[in-house]
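Right, one structure below, let's go through it.
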Number of protein chains: 2
Amino acid sequence: MTVGISVDLGSPTPPYEQIRLQVSALIAAGGLTPGTRLPAVRSLAADLGLAAGTVARAYKELEQSGLIETRRRNGTVVVGPPAYSAPDAGATGSGASGSGASAAEVGAAVEHVIQAAAKAGLPDEELLALLRVALQKRRGLPPGVD
Amino acid sequence: MTVGISVDLGSPTPPYEQIRLQVSALIAAGGLTPGTRLPAVRSLAADLGLAAGTVARAYKELEQSGLIETRRRNGTVVVGPPAYSAPDAGATGSGASGSGASAAEVGAAVEHVIQAAAKAGLPDEELLALLRVALQKRRGLPPGVD
DNA sequence: ATCTTTGTACCAAGTATTTGATACAAAGAT
DNA sequence: ATCTTTGTATCAAATACTTGGTACAAAGAT
């Protein structure tokens, strides 16, 4: 677990997608602040038991999304979350300064659900399912349903 | 064009997905009201130049989403739109609830993450990914099983 | 009871996607 | 100048997905 990334072979979503989603989510949630350097494709690949090209693909797409930036020898670095550029310095204590309150809030909220679920004895899968359903309801869009 | 559905071969999204999406959208938009009967798999398939099984697959997934319902001889009928209800958090269908107070708390927490994520502009899938990672961090998770 | 309509299950074939491995290019360190 | 680290390109193989077709099951109509 290099920066908190893991892949679940056997999931319907392919590894390179899982990596992309996780990195992307971590950035958006403030878990990875701008300037942070991501692990090298080879090392992350080794950690996850994948080929370098697989990780590279994830990185590449992330760069195209403008989330990260890659210097040849300097590795890949987080540029910043997609949109918001809240100028205020919200000292959230979660490792670093940087992004606005929203990101940290997401991180905190995630922690909170997990704790709540744990307290309620709700299995992980159930929590995931619950969130999935709630998201669908909120959007009014039916699909999903893996 | 039986009810306003059409497929575009050559689109990256497969036909069965297009059908599912369109029917789903029509229902959500009110173009297909509850009680309306959908064309038979064979006739729609014929109209679109596809195999019955393809349309059947779309219908099947729509039923699993609870949007439509199928009676053997009576064809497939629209049940209704996702049915917005506020913070209904329980009842994922897997039984196992019954915890009581804690369950509501989980529901509230779920709503909270969703709002936070929305505020941060975090896409649904990324939020899911984030939660998944966080869960794995907290517990040595067994094979994820999506 | 039989027929007809409608969805379902299953299986093989075609197609597309994903991966892994190797060779290559950039860029800083020595 | 050379080395080492890091991302990139590419291509064949493996894998998964989607489709079509056929046979089957349910359920109302006749």
Would the distance check show the side chain of A/Arg37 and the main-chain N or O of A/Asn74 forming a donor-acceptor pair, the cut-off being under 3.5 Å? yes
Polar side-chain atom of B/Ser65 near backbone of B/Glu61 as donor-acceptor pair, under 3.5 Å: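 Between the backbone of B/Glu61 and the side chain of B/Ser65 there is a qualifying donor-acceptor contact (under 3.5 Å).
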Ion pair B/Lys60/B/Glu63, N-O distance below 4.0 Å: no
Both distances under 3.5 Å, Watson-Crick or G-U wobble: on that basis, could you give the dot-bracket string for DNA chain C, with [ ] for crossing pairs and | for other-strand partners? ||||||||||||||||||||||||||||||
Calculate the interatomic distance between [X] atom [atom1] and [N] atom [atom2]; express it in whole Å.
| X | N | atom1 | atom2 | result |
| --- | --- | --- | --- | --- |
| B/Arg20 | D/dC17 | CZ | P | 15 Å |
| B/Leu38 | C/dG7 | CG | C1' | 12 Å |
| B/Leu62 | C/dT8 | CG | C1' | 16 Å |
| A/Leu9 | D/dA14 | CG | P | 18 Å |
| A/Glu69 | D/dT8 | CD | P | 12 Å |
| B/Arg71 | C/dT8 | CZ | C1' | 17 Å |
| A/Tyr59 | C/dT19 | OH | C1' | 17 Å |
| B/Tyr16 | C/dT8 | OH | P | 16 Å |

A/Ile19 CD1 to A/Arg57 CZ distance, which is reported to the nearest 0.5 Å: 11.0 Å
Between N or O atoms, less than 3.5 Å apart, protein on one side and nucleotides 22-25 of chain C on the other: list the pairs.
from	atom 1	to	atom 2	distance (Å)
C/dA25	N3	A/Arg72	NH1	3.4

Write down the atom of B/Gly4, the atom of B/Gln22, and the distance for their closest heavy-atom approach.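 Result for this residue pair: O-OE1, 3.8 Å.
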B/Ser24 vs B/Leu62 side-chain heavy atoms within contact, under 4.5 Å: yes
For residues A/Asp8 and A/Gln18, determine if any side-chain heavy atom of one lies less than 4.5 Å from a side-chain heavy atom of the other. yes
Between [X] and [N], is there a contact of a side-chain N or O with OP1 or OP2 at under 4.0 Å?
| X | N | value |
| --- | --- | --- |
| A/Thr70 | D/dT6 | no |
| A/Arg57 | C/dT17 | no |
| A/Thr76 | D/dG7 | yes |

Determine, using the 4.5 Å side-chain heavy-atom cutoff (strictly less than), whether B/Leu122 and A/Leu21 are members of one ILVMFWY cluster. no
Going only through I, L, V, M, F, W and Y residues with side-chain contacts under 4.5 Å, is there a path from B/Tyr16 to B/Val55?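 The answer is no; the residues belong to distinct hydrophobic clusters.
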Between B/Arg73 and A/Glu17, which has a closest nucleotide on DNA chain C that is more 5'? B/Arg73
